[in-house]
Every structure is written in structure tokens, then in C-alpha cells.
Participant: 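Here you go, one structure.
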2 protein chains.
Amino acid sequence: MQGPTDDVVAAWVRLVRAQRAVMGAVEADLKRAGEPPLSWYDVLWSLVQAPDGRLAPRDLEGALLLEQYNLSRLLDRLEADGLVARVPHPGDRRRQFVEITERGRALRERMWPVYAEAVQRHVGARLGDGEARCLAAILGGLLGGRF
Amino acid sequence: MQGPTDDVVAAWVRLVRAQRAVMGAVEADLKRAGEPPLSWYDVLWSLVQAPDGRLAPRDLEGALLLEQYNLSRLLDRLEADGLVARVPHPGDRRRQFVEITERGRALRERMWPVYAEAVQRHVGARLGDGEARCLAAILGGLLGGRF
DNA sequence: GCAGGGTTCATGCAACTGCATCCATATCGA
DNA sequence: TCGATATGGATGCAGTTGCATGAACCCTGC
């Protein structure tokens with residue numbers, strides 16, 4: 001196979017570094033505001049968007065690109081805080097649904113302004129007109145099927 | 001402060017997801033080939049590029065966007081494998097240099113082909129002409145001062 | 001109906017990370 | 001010079017992740 005061009009390597013390096021820097025900054029803003037980590041928001045948001053506020057763990061896994069065991073434990077923590085509930089799947093006792101609770105919805109709504117402001121500060125404010133759209137398009141291609 | 005536009009949010013979401021997907025895939029390729037994780041490569045490569053193959057931990061920290069304590073322990077592991085050596089700083093006994101060893105250089109050279117192929121497969125092959133350059137440019141702006 | 005195999009989710013254990021703090025050393029100011 | 005403060009790096013502990021495996025359940029073919 002042909003090796004990557006210099007441009008590709010540069011893009012890769014900056015992708016890793018930009019994500020680390022920006023995500024770290026957003027995560028830090030959330031923490032400073034006394035809110036839970038981003039991964040909690042991601043789960044809650046996925047559930048809010050889903051019909052009936054519930055999803056199969058497997059779907060969450062795919063949506064959030066989490067490993068099965070990581071999701072399992074993340075859900076443990078969310079459940080312990082009363083933000084989601086695991087409800088049995090009628091007809092298949094292996095499976096289950098994860099359902100957001102009222103408390104979970106409330107937390108997500110409380111987190112959103114903090115999150116949005118952090119994203120604006122660390123991403124929005126640094127991108128010119130059209131750059132955001134262009135970035136999203138290219139990254140979408142990079143993601144290929146996975147989205 | 002004005003909230004982020006939809007385009008900014010989309011860019012943010014894809015940035016996180018793309019980095020997770022691509023980085024996970026590259027990391028997995030390295031592991032499959034029996035090589036150490038990417039963080040090891042990053043340190044070794046930073047040292048190779050530095051004059052005399054040595055850097056102050058603080059500089060590595062900035063270059064790799066690692067926390068001080070994480071770098072300290074990463075260096076523990078690299079040192080335990082004989083890939084780097086901590087050498088005292090003449091004139092300030094608090095400080096030190098991290099110096100790559102021959103063994104470290106050899107490992108980096110062995111890792112590179114595997115790494116390069118993974119980057120090509122998961123990044124290069126998915127970007128059209130000019131997209132890599134465009135992506136690198138936008139992400140560079142996103143990084144702002146930090147690089 | 002039941003043995004074998006696949007699917008879904010959980011968990012024991014080891015490695016890694018985050019956080020607070022500590023230790024040793026250097027620097028600054030009176 | 002000496003005490004207060006700052007800096008560079010390490011470390012104890014708790015929380016999280018990765019990996020391998022396990023437990024419960026479903027399904028298929030015989």
C-alpha cells in the first residue's frame with residue numbers, strides 16, 4: 001500500500017491534537033461549572049432524541065462509539081444517580097432498554113447551556129464563516145459509514 | 001455570549017466522533033501488529049526530532065498535550081522498557097532531560113511502517129485531493145496558539 | 001426437546017488516568 | 001543569610017478503561 005502523503009499525516013496529527021485540546025477544554029469548562037462529564041451528556045442526549053426516551057444498549061454503543069463494557073459501566077453510574085433506568089425487554093430477557101428519567105432530562109437541560117457556551121468558545125469562536133460547514137463535511141467523509 | 005450555530009455544533013460532534021473512530025482504528029492496527037500504543041510513538045518521535053534526542057519533560061508535556069502526572073508515568077513505562085533515559089539537568093537538580101535510547105530509536109523505526117499504513121488506510125484513503133490540506137488548515141486554526 | 005452455538009450484557013482483574021498532595025530544589029525579598 | 005514562596009517532578013488513592021471471560025438467555029437443527 002502507498003504510504004500517507006505529508007498532507008495526510010499533517011491532517012492526522014492535527015486531528016488528534018485538536019480533538020484533545022478542544023475536548024479537554026470543553027470537559028474542563030463543564031467540570032468547573034460542577035457538571036458531570038461529557039459522556040453523561042452524550043448518553044442523555046441520545047436518549048432524549050430517541051422515541052419514548054429509550055434505546056437498546058447496543059444502539060447507544062454504536063451511536064456513541066463506546067465499547068460494550070464501557071457503556072455497561074457508564075450506565076451503572078447514570079443509573080446510580082437516577083438519570084436513566086434499565087427496563088427489561090419484553091420477549092427477550094437478555095436484552096433491555098435504557099430509558100431516561102425525568103431527573104435525567106432535567107440534568108441534560110441544565111448541562112446544555114454550559115456545554116453550548118464551551119463549544120462556542122473553543123470551536124465556534126475559532127472558525128470563520130463556512131469553515132465549520134467545511135470541517136463537518138470533511139469529517140463526515142472521514143467517518144464513512146460510521147454515523 | 002451567542003450560542004454556537006448548528007454548523008458549529010455539527011463540526012464539534014463530528015470532530016469528536018471522527019477522532020474517536022479513526023484513532024481507535026489506528027490504535028487497534030498497532031495492537032494487532034503487536035506494537036505499543038500510540039502514546040509511546042508520540043514520545044519517541046518528539047525526542048527523535050529534538051536536538052540530541054532529548055527534551056525537558058515540560059516541553060514534552062506541551063508538545064503532546066499530556067498532563068504532568070500522566071507524562072511522568074508514561075516515562076516510567078518507557079524507561080522501564082529501556083526506550084528512554086532520564087538524565088539529570090546540570091545546574092538545576094529539580095529538572096531533568098528525557099533522552100531517547102538506541103533501543104527507543106529502533107522501536108520507533110519499527111513502529112513507523114505499521115503506523116503509516118494505518119493512517120493511510122483510515123485517513124488518507126478517505127480524503128480526496130486537497131481535503132487533507134484543507135482539514136489540516138482548519139484544524140490548525142482551531143488549535144490556535146497550541147501547536 | 002435438547003445439545004450446540006450465537007447473542008446480550010455483566011464483571012474480575014490489571015493497566016491507566018485524574019486529582020490532590022508531597023518532596024526536593026531553586027529563587028526572591030527583606 | 002534566611003524564611004517565604006514558586007517550580008519541577010513524583011506518588012497515594014480513587015475512579016475509569018481495556019481485556020478476557022462469565023452468566024443468562026435465545027435460536028437452530030436434529
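A quick note: this is a predicted structure, and the numbers were derived from the prediction, not measured. Lettering of chains follows the sequences in order, A, B, ..., and the numbering in each one begins at 1.
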Participant: Toward the 5' end of DNA chain C, which comes first, Gly91(B) or Ser39(B), by nearest nucleotide?
Facilitator: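 So the residue in question is Ser39(B).
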Participant: To the nearest angstrom, how far is Glu79(B) atom CD from dA10(D) atom C1'?
Facilitator: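 The answer, rounded to whole Å, is 12 Å.
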Participant: CG of Leu65(A) versus P of dT17(D): gap in Å, rounded?
Facilitator: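 Atom CG in Leu65(A) sits about 14 Å away from atom P in dT17(D).
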Participant: Which nucleotide sits closest to the side chain of Ser72(A): dA10(C), dA26(C), dT7(C)?
Facilitator: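 Looking only at heavy atoms from C-beta outward on Ser72(A), the closest nucleotide is dA10(C).
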Participant: Test your reading of the model: is there a side-chain donor-acceptor pair from Arg103(A) to the backbone of Asp81(A), 3.5 Å cut-off?
Facilitator: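 Present.
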Participant: Applying the side-chain contact (heavy atoms from CB on, under 4.5 Å) criterion to Arg86(A), which one of Arg54(A), Glu99(A), Gln96(A) satisfies it?
Facilitator: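 So, applying the side-chain contact (heavy atoms from CB on, under 4.5 Å) to Arg86(A) and each of Arg54(A), Glu99(A), Gln96(A), only Gln96(A) qualifies.
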Participant: Can you tell which of dA10(D), dG18(C), dA10(C) lies closest to the side chain of Tyr69(B)?
Facilitator: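 Nearest to the side-chain atoms of Tyr69(B), counting from C-beta on, is dG18(C).
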Participant: For the residue pair Trp45(B) and Tyr41(B), categorise the inter-ring angle as parallel (less than 30°), tilted (30 to 60°) or perpendicular (more than 60°).
Facilitator: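 Taking Tyr41(B) first and then Trp45(B), their aromatic rings lie parallel (interplane angle under 30°).
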Participant: What nucleotide among dG9(D), dA6(D), dT17(C) has an atom nearest to a side-chain atom of Gln96(B)?
Facilitator: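 Of dG9(D), dA6(D), dT17(C), dG9(D) is nearest to the side chain of Gln96(B).
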Participant: To the nearest angstrom, how far is Leu38(A) atom CG from dT17(D) atom P?
Facilitator: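 In whole Å, dT17(D) P and Leu38(A) CG are 12 Å from each other.
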Participant: Among dC9(C), dG12(C), dG9(D), which nucleotide has an atom closest to any side-chain atom of Gln68(A)?
Facilitator: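 The answer is dC9(C).
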Participant: Tell me the interatomic distance from Leu66(A), atom CG, to dT16(D), atom P, rounded to whole angstroms.
Facilitator: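 In whole Å, dT16(D) P and Leu66(A) CG are 14 Å from each other.
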Participant: Under 4.0 Å, heavy atom to any atom of DNA chain D: which of residues 47-58 of chain B qualify?
Facilitator: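 By residue number: Pro57(B), Arg58(B).
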Participant: Categorize Arg77(B) for me: base, sugar-phosphate, or nothing, with a 4.0 angstrom heavy-atom threshold over every strand shown.
Facilitator: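 Sugar-phosphate, backbone atoms only, no base.
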Participant: Using the ring of each side chain (for Trp, its six-membered ring), is His89(B) parallel, tilted or perpendicular to Phe97(B), with breaks at 30° and 60°?
Facilitator: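 The arrangement is parallel - the two ring planes meet at less than 30°.
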Participant: Heavy atoms from C-beta onward define the side chain here; which of dA26(C), dT17(C), dC26(D) lies closest to that of Arg93(A)?
Facilitator: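 Selected nucleotide: dC26(D).
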Participant: Take atom CZ of Phe97(B) and atom P of dG9(D), then tell me their distance rounded to the nearest Å.
Facilitator: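 In whole Å, dG9(D) P and Phe97(B) CZ are 10 Å from each other.
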Participant: Mind calculating the distance between CG (Asn70(B)) and P (dA20(C)) to the nearest angstrom?
Facilitator: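 For the pair Asn70(B) CG and dA20(C) P, the rounded distance is 14 Å.
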Participant: Arg94(A) has an atom CZ; how far is it from atom P of dA10(C), in whole Å?
Facilitator: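 These atoms are roughly 13 Å apart.
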Participant: On DNA chain C, check which nucleotide each of Lys31(A) and Glu61(A) is closest to and give me the residue with the more 5' one.
Facilitator: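 Final value for this comparison: Glu61(A).
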Participant: Can you confirm whether Val43(A) sits close enough to Ile100(A) that some side-chain heavy atom of one is under 4.5 Å from a side-chain heavy atom of the other?
Facilitator: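 Answer no - side chains too far apart.
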Participant: Quick one: which of dA10(C), dG18(D), dT7(D) gets closest to the side chain of Arg73(A)?
Facilitator: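 So the nucleotide nearest the side chain must be dG18(D).
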Participant: Tell me every residue that passes side-chain contact (heavy atoms from CB on, under 4.5 Å) with Pro113(A), counting only those two or more places apart in sequence or in another chain.
Facilitator: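 side-chain contact (heavy atoms from CB on, under 4.5 Å) check on Pro113(A) returns nothing, list empty.
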Participant: With a 4.5 Å heavy-atom cut-off, do Val16(A) and Gln19(B) have their side chains touching?
Facilitator: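 SC-SC contact between Val16(A) and Gln19(B) confirmed.
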Participant: For Glu27(A) and dT16(D), what is the distance between atoms CD and P respectively, to the nearest whole Å?
Facilitator: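 Rounded to whole Å, this separation is 12 Å.
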Participant: Decide if atom CD of Glu102(B) counts as having more than 12 heavy atoms of other residues, nucleotides or ligands within a radius under 6.0 Å.
Facilitator: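 Atom CD in Glu102(B) is not crowded, with 12 or fewer foreign heavy atoms closer than 6.0 Å.
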Participant: Nearest to the side chain of Asp92(B), which nucleotide is it out of dT11(D), dT11(C), dA26(C)?
Facilitator: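 Selected nucleotide: dA26(C).
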